[in-house]
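A quick write-up on the structure given underneath.
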Amino acid sequence: MILALFGPPGCGKGTQAKRLVDHLQTVQLSTGDMLREAIKRNDSLGVKAKEFMSQGKLVPDDLMIDLIKTRISKSDCTSGFMLDGFPRTVAQAKALDQMLRNSGRSGIDHVISFNVPTEELVERLSGRLVCQNCGTSFHEKTKIPRNPNTCDNCSGNLIKRDDDKPEVVRTRLNTFLRDTAPVESFYKDLNLLRVVDAVGPETKVFDRILGSIGAGN
Ligand code: AMP
């Protein structure tokens, strides 16, 4: 099965992706994580991506399309994968469609769209803490770690992402509305869009997601 998680920054894609990976035994391809790894390695992609990411802008399509093309050709993606953060523009969506066709694969099965009101997104992002080691998200007010700045899962260090600063958050949300929201109509027209109410307890949202793709209990 090929899935794509779609939604604005702070909508809970990353958190739900981890649950879905366990439940569906699939591979998570988070382009944000891949870019952050490239920045840590300080390779040529990382150097280019950093400039855009630090301003809350999208990394250019050609770089992102190459990155995903290489990744999905690896053997762990043969029986399916779950995209998290890609495609983020209509050009990326079209390129993905083309690369799946060219490699003789079936297309995307479901695009799961996370629906969260903007005020809640700002609140979630401004208090977000992320584990540097395993990527689990916490929140200063609503999902407080048991020990300050320490991940409940792996005892890794919790940090605030550079792009969760209020001024960058605003740009990221505007970028989403301008460049990424049109991707939703693209998939709606193809009858692949599954819109999920992503407000409420994580377990409830997870059940709604499974229901939306016909994988519920
Ligand atoms: P995320 O972790 O998904 O919120 O992504 C963090 C940042 O990485 C975004 O704000 C973009 O700057 C960049 N990024 C991630 N995925 C993409 C993509 N598919 N296209 C362009 N930029 C991306």
Side-chain angles (χ1 to χ4, degrees), residues 2-18 20-21 28-41 43-72 81-100 108 111-114 116 118 120-139 158-184 186-187 198:
I2 301 180
L3 297 177
L5 307 186
F6 178 85
C11 69
K13 291 192 299 286
T15 302
Q16 295 296 339
K18 294 200 190 316
L20 284 163
V21 163
Q28 177 189 1
L29 309 185
S30 158
T31 43
D33 285 350
M34 288 154 87
L35 294 171
R36 282 182 286 275
E37 289 299 320
I39 291 174
K40 262 196 229 157
R41 288 194 304 271
D43 62 16
S44 74
L45 172 65
V47 171
K48 287 180 201 150
K50 192 175 180 177
E51 186 192 326
F52 296 95
M53 289 172 78
S54 62
Q55 299 173 56
K57 294 183 181 161
L58 291 183
V59 174
D61 284 337
D62 54 339
L63 296 177
M64 298 311 301
I65 291 165
D66 279 353
L67 181 67
I68 279 297
K69 196 172 185 178
T70 308
R71 184 62 188 86
I72 66 174
F81 49 86
M82 185 177 61
L83 294 163
D84 164 12
F86 186 97
R88 256 178 157 102
T89 62
V90 173
Q92 291 179 14
K94 288 184 176 165
L96 174 65
D97 191 48
Q98 196 59 51
M99 68 180 94
L100 292 174
I108 291 195
V111 176
I112 304 164
S113 173
F114 289 59
V116 179
T118 306
E120 175 144 354
L121 294 172
V122 175
E123 172 67 28
R124 287 187 188 184
L125 290 167
S126 52
R128 177 156 78 172
L129 298 167
V130 182
C131 175
Q132 244 178 337
N133 183 42
C134 72
T136 302
S137 287
F138 294 84
H139 190 279
L158 301 184
I159 52 154
K160 259 185 187 284
R161 271 171 49 172
D162 283 345
D163 57 357
D164 283 344
K165 290 185 194 124
E167 63 281 13
V168 185
V169 163
R170 268 192 296 278
T171 312
R172 287 167 69 206
L173 289 172
N174 288 336
T175 303
F176 177 81
L177 289 175
R178 191 189 59 220
D179 298 325
T180 306
V183 175
E184 196 166 27
F186 178 84
Y187 285 118

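First listed ligand is number 1; within each ligand, the first listed atom is number 1.
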Does ligand 1 come near enough to [X] that some N or O of the ligand is less than 3.5 Å from an N or O of the residue?
X     : result
Thr31 : yes
Pro9  : no
Lys57 : yes

For ligand 1, does Arg161 get within less than 4.0 Å through its side chain, its backbone, both, or neither, judged by non-hydrogen atoms?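 The answer is the side chain.
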
Counting only heavy atoms, which portion of Leu58 has something under 4.0 Å from ligand 1: side chain, backbone, both, or neither?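 It is both backbone and side chain that touch ligand 1.
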
Nearest atoms (heavy-atom pairs only) where Arg172 meets Asp164: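 Heavy atoms of Arg172 and Asp164 come nearest at NH1-OD1, 2.8 Å.
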
Identify, for [atom], the protein heavy atom at the shortest distance, and state residue, atom and that distance.
atom                    : result
atom 20 (N) of ligand 1 : Gln92 NE2, 2.9 Å
atom 19 (N) of ligand 1 : Gly85 O, 2.9 Å
atom 14 (N) of ligand 1 : Leu35 CD1, 3.5 Å
atom 22 (N) of ligand 1 : Val59 N, 3.0 Å

Of all the heavy atoms in Arg36, does at least one lie under 4.0 Å from an atom in ligand 1?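 Within the 4.0 Å threshold, so yes.
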
Under 4.0 Å from any heavy atom of Met64, which atoms of ligand 1 are there?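 Those atoms are 16 (N), 17 (C), 18 (C), 19 (N), 20 (N), 21 (C).
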
Give the single entry among Met53, Arg88, Arg172 that approaches atom 5 (O) of ligand 1 most closely by any heavy atom.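 Residue with the shortest heavy-atom distance to the ligand atom: Arg88.
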
Can a salt bridge be assigned to the pair Lys69 and Asp66 using a cut-off of 4.0 Å between side-chain N and carboxylate O?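 The answer is no: the pair does not qualify as a salt bridge.
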
Ion pair check, Arg88 and Asp179, cut-off under 4.0 Å: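 Looking at Arg88 and Asp179, the cut-off is not met.
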
Using modelled atom types and a 3.5 Å cut-off, is there a donor and acceptor pairing between side-chain atoms of [X] and backbone atoms of [Y]?
X      : Y      : answer
His139 : Ser126 : no
Gln55  : Glu51  : yes
Arg124 : Cys11  : yes

Is there a side-chain contact between Arg36 and Arg161, using heavy atoms and a 4.5 Å cut-off?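 The answer is yes, as the side chains (C-beta and beyond) meet within the 4.5 Å cut-off.
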
Give a yes or no on whether Asp62 atom CG has more than 12 heavy-atom contacts from other residues, nucleotides or ligands under 6.0 Å away.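 Yes - once you tally the heavy atoms of other residues, nucleotides and ligands closer than 6.0 Å, there are more than 12.
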
